[in-house]
Amino acid sequence: MQDEHKQRLFTLIGAIPKGKVAAYGQLANLAGLPRQARAVGRLLKELPKGSALPWYRVVNSQGKISFPCGSKKYIEQKEHLELEGIVFIKDKINMRIYQWD
DNA sequence: AAGGTGACTCTGC
DNA sequence: CGCAGAGCCACCT
């Protein structure tokens, strides 16, 4: 993946408003990378743990967290989101309401 | 160089 | 709502 695209993704993710979320595929599209939702996931995976990027505002298209329910990562992400006012129902959120745009 | 993998997504039952 | 199957595609072996 090109550096240019990585930069665009970083910028986009950093631009997600507090209290809103974006799907992997959505970000890929906005960055000019159609059909590369997985690339977004890879990028987030390689982030340093102390990154300032709001990686937790990225969920899958179903409005669910892409980690095994109950895992440490899962809980960490969920807490961040709830702290911003996002409400979980049955381990998922209402994308109609929270999706960025 | 061929095959496996996965922070994905869509469709259908 | 849940599970399965099938695309999809950059990376790693």
Side-chain angles (χ1 to χ4, degrees):
Chain A
M1 141 162 247
Q2 303 178 266
D3 257 19
E4 175 195 345
H5 288 134
K6 287 191 178 184
Q7 291 311 314
R8 294 170 70 148
L9 282 173
F10 284 136
T11 302
L12 283 168
I13 296 172
I16 302 174
K18 182 161 75 168
K20 291 279 184 179
V21 300
Y24 297 88
Q26 180 189 0
L27 292 171
N29 286 323
L30 292 175
L33 296 168
R35 289 183 292 300
Q36 293 202 75
R38 304 188 101 114
V40 177
R42 269 200 308 281
L43 187 61
L44 293 190
K45 185 150 81 172
E46 65 183 54
L47 282 176
K49 71 171 181 180
S51 174
L53 228 66
W55 54 271
Y56 49 83
R57 298 210 262 247
V58 184
V59 299
N60 65 35
S61 65
Q62 306 168 76
K64 295 194 299 186
I65 290 174
S66 293
F67 282 119
C69 186
S71 67
K72 187 171 182 180
K73 289 291 220 168
Y74 177 93
I75 294 171
E76 182 185 356
Q77 181 167 8
K78 181 175 180 179
E79 286 183 340
H80 267 109
L81 295 176
E82 292 184 319
L83 222 48
E84 301 191 339
I86 292 178
V87 179
F88 279 73
I89 298 175
K90 284 291 192 177
D91 299 314
K92 65 177 178 294
I93 69 181
N94 187 325
M95 289 303 270
R96 305 275 184 123
I97 297 176
Y98 302 118
Q99 185 167 58
W100 183 31
D101 283 359

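Quick note on labels: first sequence line is chain A, next is B, and so on, each numbered from 1.
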Notebook entry, point to check: Does the side chain of A:Val58 reach to within under 4.5 Å of the side chain of A:Val21, using non-hydrogen atoms?
Noted result: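 Result no, sub-4.5 Å side-chain heavy-atom pair not found.
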
Any donor-acceptor N/O pair, [X] side chain to [Y] backbone, under 3.5 Å:
X       : Y       : result
A:Ser71 : A:Phe67 : no
A:Gln26 : A:Ala23 : yes
A:Gln62 : A:Ile93 : no

Notebook entry, point to check: Between A:Lys20 and A:Glu84, is the closest basic N to carboxylate O distance under 4.0 Å?
Noted result: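 A:Lys20 and A:Glu84: not salt-bridged.
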
Checklist line | Neighbour count >12 (heavy atoms, 6.0 Å) for atom NZ, A:Lys64 | finding: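 No - once you tally the heavy atoms of other residues, nucleotides and ligands closer than 6.0 Å, there are 12 at most.
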
Item checked: Start and end of chain A contact along DNA chain C [non-hydrogen atoms, under 4.0 Å] ->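 Terminal contacting nucleotides, 5' to 3': C:dC1 to C:dC11.
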
Checklist line | A:His80 and A:Tyr56 aromatic ring geometry - parallel, tilted or perpendicular at 30°/60° bounds | finding: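 Ring orientation, 0 to 90° scale: parallel.
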
Note to self: Using a 4.0 Å heavy-atom cut-off, does A:Lys92 contact any base of the nucleic acid, only the sugar-phosphate backbone, or nothing at all?
What the structure shows: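 Here A:Lys92 touches the backbone only, sparing every base.
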
Item checked: Any residue meeting ring-ring contact (aromatic ring centres under 6.0 Å, His included) with A:Tyr98, in chain and number order, not counting sequence neighbours ->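 If we apply the ring-ring contact (aromatic ring centres under 6.0 Å, His included) test to A:Tyr98, skipping adjacent residues, there are no hits.
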
Notebook entry, point to check: When you check every protein heavy atom under 4.0 Å of nucleotides 3-13 of chain B, what one-letter string (B, S, -) results, 5' to 3'?
Noted result: ---BBBSS---

